Amino acid sequence: MTDVSVTRASDLGGLANPARPLSPIDVGAYDDATLRHFLTLLFRIRFAEEKVGELVERGLAKAPCHLGIGQEAVAVGVSAALNARDRVFGGHRSHSHYLALGGDVYKLLAEVLGKLDGTSRGMGGSMHLYGRELGFYGSVPLVGATIPLAVGAGIAAQMEGQGAVGVCYFGDGATEEGVFHESMNLASAMRLPVLFVCENNLFSSHLDINLRQPSDRIGRYGDAHVVNTRSVDGNDTVAVAKAANELVTHARNGGGPGLLEAVTFRHRGHVGPKEDIDVGVRRRQSDIDAWKRVDPIPRLISALRDANRMTAGEIAQLEQSVRKEIDEAATRAEAAAYPEERALLDLVYIGGASK
Ligand SMILES: Cc1ncc(C[n+]2csc(CCOP(=O)(O)OP(=O)(O)O)c2C)c(N)n1
Ligand SMILES: [Mg+2]
């Protein structure tokens, strides 16, 4: 298959070009504990997803798994602005969204493996995660489907008057659906406390955004719907955290919804662990290589070291302890029980019980 070059100029002002000169990550505004927390979450999400990839390769995960390796900084930055009273919704690529809110790796891997201890009792797999105690109200595979749910959560939050926000994560592809625009319009007209988070990874499945839309800047939809909008480097955890905090604070204070466009790239194919799986109009290996050079994890590590916020030894120790946590969770999840077959319909209707 031949590589396809898309030559149209980017409207993202360089954010879509990983080869641009990078501004260093500015860790100055955060204390040591917060920065360490950011790095812990980045490691946890990365290693957990690598583990999911292994489980797929070994044939143990039966439901499709969409990995966001390379995109971890978005969920980590956004979650820093949230608390458990907020209501957060994800989509088909949501391992990071669940884990960044404090989700349990064991429950995630158990869900991926279809085990009873999973976040959805093993009934959903990778694309149906749930963690209401964390404020994670669920992810579903239907692209765009959770965007209006976050608007509903925004209406509930506005009625409750406790300063909570509704949040939805979605991709650039989802913005091609009418429901995204209806949701933005209603949230804006009602000045709802909603944060719309677009992980613009420049691809919808195998299709480059430049082949699908007249501009690669999703933020323009915020202009159209009169929504506070920030387009940021989605591989810079601190930039995402700052922008999310601004938009969420504004929304909590009655200033209406926000659209956060975080520009990033996934290292793996659309679905499954392979890099070269994208079919049809395939991604270029040179792009994947270029984006790996702006990987959010080494970038935060360099910034922490340059600012003397963590030593190389502390970082290595943290990495090792997170790897151990993931390995132990995976071993437990592999050994865990499947739900009983007769329980299949128990969760379909409220009050359902196995006979
Ligand atoms: C309503 C709907 N249409 C099509 C699909 C098939 N599908 C699954 S993921 C995907 C691409 C979504 O791209 P994007 O929103 O950019 O998210 P990304 O995969 O890049 O994270 C498509 C078309 C679907 N799941 N739901
Ligand atoms: Mg996309």
Side-chain angles (χ1 to χ4, degrees), residues 6 10-12 15-16 18 45-46 49 52-53 56 63-76 78 88-100 124-129 138-150 167-184 196-221 231-235 240 259-284 287-288 291 296:
V6 181
S10 172
D11 288 332
L12 282 166
L15 288 177
I45 297 165
R46 173 69 54 92
E49 288 213 300
V52 171
V56 172
C65 295
H66 301 75
L67 304 178
I69 290 174
Q71 303 187 179
E72 298 87 346
V74 183
V76 174
V78 168
V88 184
F89 299 83
H92 57 287
R93 198 181 303 285
S94 274
H95 303 148
S96 63
H97 309 151
Y98 169 75
L99 290 177
S126 159
M127 295 188 286
H128 296 90
L129 305 177
S139 62
V140 299
L142 289 177
V143 170
T146 51
I147 302 175
L149 302 188
V167 180
C168 48
Y169 289 98
F170 50 90
D172 45 297
T175 68
E176 289 151 25
E177 292 190 6
V179 72
F180 164 71
H181 300 279
E182 296 164 42
S183 299
M184 290 267 286
F196 297 92
V197 182
C198 181
E199 291 179 282
N200 185 356
N201 61 12
L202 309 171
F203 274 81
S204 173
S205 183
H206 57 286
L207 271 183
D208 189 316
I209 192 167
N210 289 308
L211 296 170
R212 303 165 5 235
Q213 300 201 25
S215 164
D216 59 358
R217 191 176 74 87
I218 298 300
R220 73 193 192 278
Y221 296 128
S231 294
V232 298
D233 177 348
N235 285 12
V240 176
L259 169 63
L260 176 60
E261 173 182 20
V263 184
T264 184
F265 206 75
R266 55 176 159 73
H267 295 178
R268 306 292 177 97
H270 168 65
V271 60
K274 294 189 167 47
E275 274 184 13
D276 60 355
I277 199 76
D278 297 289
V279 288
V281 186
R282 194 167 58 176
R283 299 191 306 162
R284 283 170 293 190
D287 285 343
I288 299 174
W291 280 96

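Just so you know, ligand 1 is whichever comes first in the structure, and atom 1 is the first atom listed for that ligand. Just so you know, these numbers come straight off a predicted model, no measurement behind them.
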Given the Mg ion (ligand 2) as the apex, I'd like the angle to OD1 of Asn201 and O of Phe203, rounded to 10 degrees.
80°
Winner among Ser94, Pro141, Ser204, Pro64 once heavy atoms are compared against atom 25 (N) of ligand 1
Pro141
What protein heavy atom is closest to atom 5 (C) of ligand 1, reported as residue, atom name and distance in Å?
Val143 CG2, 4.0 Å
Can you find an N or O of Ala174 that's nearer than 3.5 Å to an N or O of ligand 1?
yes
Considering Val140, Val271, Ile218, Asn201 one by one, which has a heavy atom nearer to atom 20 (O) of ligand 1 than any of the others?
Asn201
Here the N/O/S atom of Asp172 closest to the Mg ion (ligand 2) would be OD1
Is there at least one pair of N or O atoms, one from Glu177 and one from ligand 1, spaced under 3.5 Å apart?
no
Could an N or O of ligand 1 be found under 3.5 Å from any N or O of Arg266, whether backbone or side chain?
no
Of the protein's non-hydrogen atoms, which lies at the shortest distance from atom 9 (S) of ligand 1, and what is that distance?
His270 CE1, 3.2 Å
Atom 17 (O) of ligand 1: of Gln71, His92, Glu199, the nearest heavy atom sits on His92
When you compare the side chains of His267 and Glu49, does any donor N or O come within less than 3.5 Å of an acceptor on the partner?
no
For atom 21 (O) of ligand 1, closest protein heavy-atom neighbour
Arg93 NE, 2.8 Å
Students should be able to answer this: which protein heavy-atom is nearest to atom 16 (O) of ligand 1, and at what distance?
Gly173 N, 2.8 Å
